[in-house]
Amino acid sequence: MAIRSKTAPETSTAVLDATNGERERVFDAYRRWGYLEADLDPLGFLRPVPHSDLPVDSEFSQEARRVYCGTIGAEFMHITDPVRRRWIQDRLEGPQTVVDQQIALDLLIRAEVFEQVLQQRYLGNKRFSLEGVTALIPLVDEILETAGQQGAAELVMGMSHRGRLNVIVHVARRAPEEVFAGFEDIDPRSVLGSGDVKYHMGATGEYVTRSGNKVHIHLVSNPSHLEAVDPVTVGRTRAKHDRAGENGPRKYLPLLVHGDAAFAGQGIVAETLNFADLPGYTVGGTVHIIANNLIGFTTVPRESHSSRFAAQLGRRQSIPIFHVNGEDVDAVIRIGRIALEYRYTFGTDVVVDMIGYRRHGHSEVDDPTITQPLLYKAIKEHPPLWEIYSEDIGVEDAQTRVQAIRAEFEAAQKQAGGITQKPTLRELPTYWDKYTGGRYKPEYEVETGLSREELREITNPLTSYPAEFHIHPKVKKLLEQRAEMGTGKRPVDYGMAEALAFASLVKAGVPVRLSGQDSRRGTFNQRHSVLVDIENEQEYIPLQHISSQQARCEIYNSTLSEAGVLGFEYGYSRDYPEALVLWEAQFGDFVNVAQAIIDQFISAGEDKWKLLSGVVLLLPHGYEGQGPEHSSARIERFLQLAARDNFQICQPSNAAQYFQLLRRQALRHWRKPLIVFTPKSMLRHPDASSPIADFAHPHFLNVLPDTEITHAKRILLCTGKIGHELRDERQKRKDTSTAIVFLEQMYPFPETELIRELERHASARDIVWVQEEPANMGAMFYMLPRLRHIAGERPVLSVKRSASASPSTGSAKAHEMEQNTLLALAFSTNGK
Ligand SMILES: Cc1ncc(C[n+]2csc(CCOP(=O)(O)OP(=O)(O)O)c2C)c(N)n1
Ligand SMILES: [Mg+2]
């Protein structure tokens with residue numbers, strides 16, 4: 001007995017182990033590769049790919065296949081953390097959550113009928129119908145429902161054109177008549193030259209979940225440039241987190257809805273995904289939905305991405321990708337819940353790739369049968385999703401429900417005809433109340449200078465560190481010099497001027513956030529905002545030890561991205577108007593990689609959407625013989641974008657001016673982006689350093705006068721480094737009749753101040769605009785007509801490099817020759 005009772009269980013454990021081993025082996029293969037054989041495309045064009053590692057003849061194959069090769073295809077075995085893999089596997093293999101099918105059906109009917117009413121009433125209008133990926137509405141609904149349970153207070157949502165109007169009505173819950181009104185002909189004079197199309201406008205609203213939780217919806221205004229809104233949305237969310245404090249990531253949930261072609265094709269998606277786990281950029285996980293209709297305009301997936309799924313980019317991160325057939329509505333809803341709970345459990349991004357089709361052409365005025373005749377033949381014969389779903393769940397009165405909902409929308413559409421003013425679908429948060437945009441007014445000015453005493457007070461913490469801190473000898477010396485600068489014993493350089501500006505602002509309660517490539521130390525070894533202990537690499541940040549009540553000061557090394565990071569910081573500034581938010585380019589030349597963010601958001605955001613931002617761009621600029629890609633931040637491009645006081649374009653020529661400019665930006669309540677061309681070699685140059693007394697001046701000077709010359713015969717007008725070189729040249733020539741005037745602000749054009757300078761040197765005959773940049777670049781094209789306008793009878797000449805296709809020569813020697821010629825010409829040209 002004893003022996004039998006001992007051996008019997010052993011035998012059964014072994015059998016059990018073998019069974020378990022077999023089950024695990026089979027399931028493991030399906031967990032890994034099952035998604036390739038999953039049934040994901042409602043129209044069947046994306047065929048399952050048989051994978052040889054998937055066992056077909058095991059007793060467990062069928063069960064594993066049911067979980068992993070059905071209408072859900074989960075990619076998660078690349079996740080390195082076994083706890084997370086286990087979590088997903090338990091959720092997929094375990095009992096399924098119950099779906100409220102009546103609510104889902106109602107949403108599907110509403111979403112599709114809304115599109116149909118738009119189609120019938122506004123034929124020939126673009127609306128970018130959601131039909132074909134209609135399950136997006138119940139999917140987002142489930143995400144909101146679950147988010148409400150998790151304590152979310154706001155959904156920050158970025159998306160492009162597809163289904164946007166539907167989202168505004170069914171997610172942001174704006175009254176449909178407000179959207180219909182956007183299609184009505186409203187007095188065009190009210191938006192002449194400004195505004196945006198209806199499927200780009202932002203919207204806010206209130207979503208009430210079934211359990212009664214309110215979730216505020218914020219749909220971010222978005223340009224046509226696909227995916228450019230991604231980093232902006234994430235940056236906005238981060239600002240909201242920082243405002244909220246510890247619970248931020250729970251309260252503010254970012255959701256990005258992507259198109260399949262755009263997700264696969266646009267690099268900025270990769271830049272945005274890369275923010276996920278970085279301390280300066282994390283938002284506790286972004287939910288990504290790909291509204292995957294397996295087409296982009298006329299381009300099919302095999303022409304669009306080198307991977308089976310558009311979503312494959314998500315694999316770079318250790319995050320799950322859930323592919324789901326967009327016509328299995330229950331599966332879509334279940335995945336929505338799992339994705340959301342995963343985000344809240346692990347604080348990371350998650351991707352839902354919802355696959356459907358596109359019922360109409362790219363827009364409703366496009367005929368898709370020209371390029372995809374067979375696909376569109378199949379689509380034409382394919383019933384709408386509500387019809388399929390109501391049959392699946394056995395609802396017999398679906399048609400009656402459709403009629404009732406149609407009547408609702410038609411009534412709303414009739415009402416819209418009576419709306420005479422274009423509705424604003426968006427309310428601004430109250431933290432914008434005290435800030436203003438529009439045209440510049442002198443009354444916006446505030447004093448920005450600081451007394452000697454105030455400067456001394458902040459210099460001390462800026463230049464000290466704990467006694468036990470092992471400082472680098474070079475940094476020690478730098479801090480000793482800064483201590484002398486701040487107390488007036490030595491002229492102040494740019495690095496210290498900036499530190500003084502930041503320190504004084506955080507002390508006054510203004511948060512400062514700066515990010516850029518290598519910004520903590522500074523590309524030019526000029527900033528040293530973070531001290532690194534040479535024995536243990538511990539960090540000490542003096543700017544965080546200015547005073548006990550100070551605001552946050554955060555300086556981050558960014559990823560090696562321009563568009564993504566600038567988009568993020570622009571977004572951050574949109575939700576933190578009280579803060580000084582800065583992005584720094586490594587060299588100003590690289591700013592062109594972020595051109596879409598500048599064109600679409602920074603320069604045009606106020607005009608298109610009435611949305612303000614005080615973001616600052618620091619762009620190292622100047623011709624120093626370092627070659628075509630390390631010379632020019634393209635002043636000309638910013639000036640070309642300038643209109644209606646949309647932003648400020650400045651080039652402070654000395655340290656005190658830089659200090660005053662940064663403070664002015666933070667302290668004025670006029671919120672406008674600020675483009676600053678910053679120096680490189682001049683950062684530590686004595687000519688650009690300033691006496692401490694200049695920090696007590698009340699204001700930034702838009703124009704730096706020349707008070708040394710009294711009887712000028714010639715006025716040289718310039719901006720930035722060249723002005724200092726002109727002053728050197730003047731000294732060498734012992735010239736006492738040439739005045740040199742610096743334009744510190746180019747836009748808005750400081751006409752009054754310039755007129756004053758021209759009058760100061762009333763006997764000067766020639767006025768010469770001098771620039772380092774070639775004739776087809778720099779500020780010249782913008783300056784000459786304006787200068788001629790105010791110069792009256794006096795001729796306005798120009799000195800510049802010859803027009804050139806590249807910004808500068810690659811030879812340092814050639815650069816020097818050119819520079820000498822420029823300087824000589826500035827003093828001698830008579831325009832002939
Ligand atoms: C950066 C950029 N390039 C090109 C376009 C023009 N464009 C608008 S929509 C579209 C196709 C988008 O396809 P997809 O991302 O799959 O979204 P869908 O329209 O299918 O929902 C293109 C090429 C654009 N808006 N933005
Ligand atoms: Mg598409």
Side-chain angles (χ1 to χ4, degrees), residues 42 71 97-123 127-146 148 162-180 183 205-212 217 291 293 324-337 354 356-360 364 379-416:
T71 48
T97 45
V98 181
V99 167
D100 190 328
Q101 296 177 321
Q102 298 303 321
I103 290 184
L105 176 61
D106 183 69
L107 285 172
L108 290 177
I109 297 178
R110 284 183 178 278
E112 300 221 339
V113 172
F114 174 70
E115 296 287 357
Q116 287 164 11
V117 172
L118 279 176
Q119 173 77 2
Q120 284 153 10
R121 300 289 160 183
Y122 305 106
L123 196 68
R127 66 192 152 90
F128 299 106
S129 163
L130 187 63
E131 290 153 281
V133 282
T134 320
L136 178 74
I137 299 296
L139 171 61
V140 177
D141 181 79
E142 184 67 15
I143 285 175
L144 281 165
E145 198 59 41
T146 319
R162 178 82 45 218
R164 194 177 171 94
L165 300 174
N166 217 313
V167 163
I168 290 174
V169 172
H170 294 114
V171 176
R173 300 277 160 108
R174 302 300 305 204
E177 46 269 42
E178 292 181 298
V179 171
F180 291 130
F183 285 83
E206 196 88 331
Y207 186 96
V208 183
T209 68
R210 274 158 252 157
S211 28
I217 309 291
N293 50 20
V324 58
N325 186 318
E327 286 208 336
D328 184 344
V329 179
D330 292 358
V332 169
I333 290 172
R334 285 188 183 120
I335 283 301
R337 176 165 287 263
M354 192 192 71
Y357 61 94
R358 191 184 68 196
R359 166 130 340 250
H360 306 282
E364 293 62 38
I379 289 174
K380 199 160 176 230
E381 287 155 14
H382 197 74
L385 186 52
W386 66 262
E387 222 172 280
I388 298 173
Y389 192 58
S390 56
E391 241 168 65
D392 282 355
I393 64 172
V395 167
E396 278 162 14
D397 66 342
Q399 275 297 351
T400 324
R401 294 194 203 185
V402 168
Q403 299 311 334
I405 289 170
R406 185 185 302 279
E408 258 182 54
F409 283 129
E410 280 174 353
Q413 191 272 329
K414 283 207 183 72
Q415 268 194 19

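- Side-chain contact check for M354 versus L136: some heavy-atom pair is nearer than 4.5 Å.
- Listed by chain and number, the residues in a ring-ring contact (aromatic ring centres under 6.0 Å, His included) with F180 are F114 (sequence neighbours excluded).
- Taking OG1 of T146 as the start and CD1 of I333 as the end, the distance is 10.0 Å to the nearest 0.5 Å.
- Proximity of R401 to Q102: side-chain heavy atoms (C-beta onward) are separated by under 4.5 Å at one or more points.
- Classification of R334 and E142 as a salt-bridged pair fails, no side-chain N sitting under 4.0 Å from a carboxylate O.
- When all heavy atoms are compared, the tightest approach of A398 to I109 is O-CD1, 4.2 Å.
- When every heavy atom of L107 is checked against every heavy atom of P138, the shortest pair comes out as CD1-CA, 4.0 Å.
- Heavy atoms from other residues, nucleotides or ligands lying under 6.0 Å from CD of E391 number 12 at most.
- Across every non-hydrogen atom of G326 and A135, the tightest pair is O-CB, 3.4 Å.
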From CA spacing to verdict: side-chain contact (heavy atoms from CB on, under 4.5 Å), L144, I217: CA-CA 10 Å; L144 281 165; I217 309 291; 3.8 Å; yes
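- Using a distance-only test at 3.5 Å, with no hydrogens or angles considered, a donor-acceptor pair links the side chain of E115 to the main chain of L130.
- Taking the side chain as every heavy atom from C-beta outward, H360 and R127 approach each other to under 4.5 Å.
- Residues E327 and H382 are in side-chain contact: their nearest non-hydrogen atoms beyond the backbone lie under 4.5 Å apart.
- Distance check, rounded to the nearest 0.5 Å: CD of E177 to CD of Q415 gives 4.5 Å.
- Q120 has its side chain within reach of R406: a pair of non-hydrogen atoms, C-beta onward, lies under 4.5 Å apart.
- Between the side chain of R337 and the backbone N or O of E145 there is no donor-acceptor pair closer than 3.5 Å.
- The CD atom of Q116 lies 11.0 Å from the CD1 atom of I405; values are rounded to the nearest 0.5 Å.
- Here the side chain of E178 pairs a donor or acceptor atom with the backbone of A175 at under 3.5 angstrom.
- Atom CD of E381 is surrounded by more than 12 heavy atoms from other residues, nucleotides or ligands within 6.0 Å.
- Using a 4.5 Å heavy-atom cutoff, the side chains of Y122 and E364 are not in contact.
- Here the straight-line distance linking atom OG1 of T134 with atom OH of Y389 works out to 13.5 Å at 0.5 Å rounding.
- Atom CZ in R110 sits 12.0 Å away from atom CD1 in I137 (nearest 0.5 Å).
- Listed here is the closest heavy atom pair of A104 and V329: CB-CG1, 4.2 Å.
- Remark: side-chain polar atoms of R173 are paired, donor with acceptor, to backbone N or O of H170 under 3.5 angstrom.
- With rounding to the nearest 0.5 Å, the separation of OG1 in T71 from CG in D330 is 9.0 Å.
- The shortest heavy-atom contact between N325 and V332 is O-CG2, 3.5 Å.
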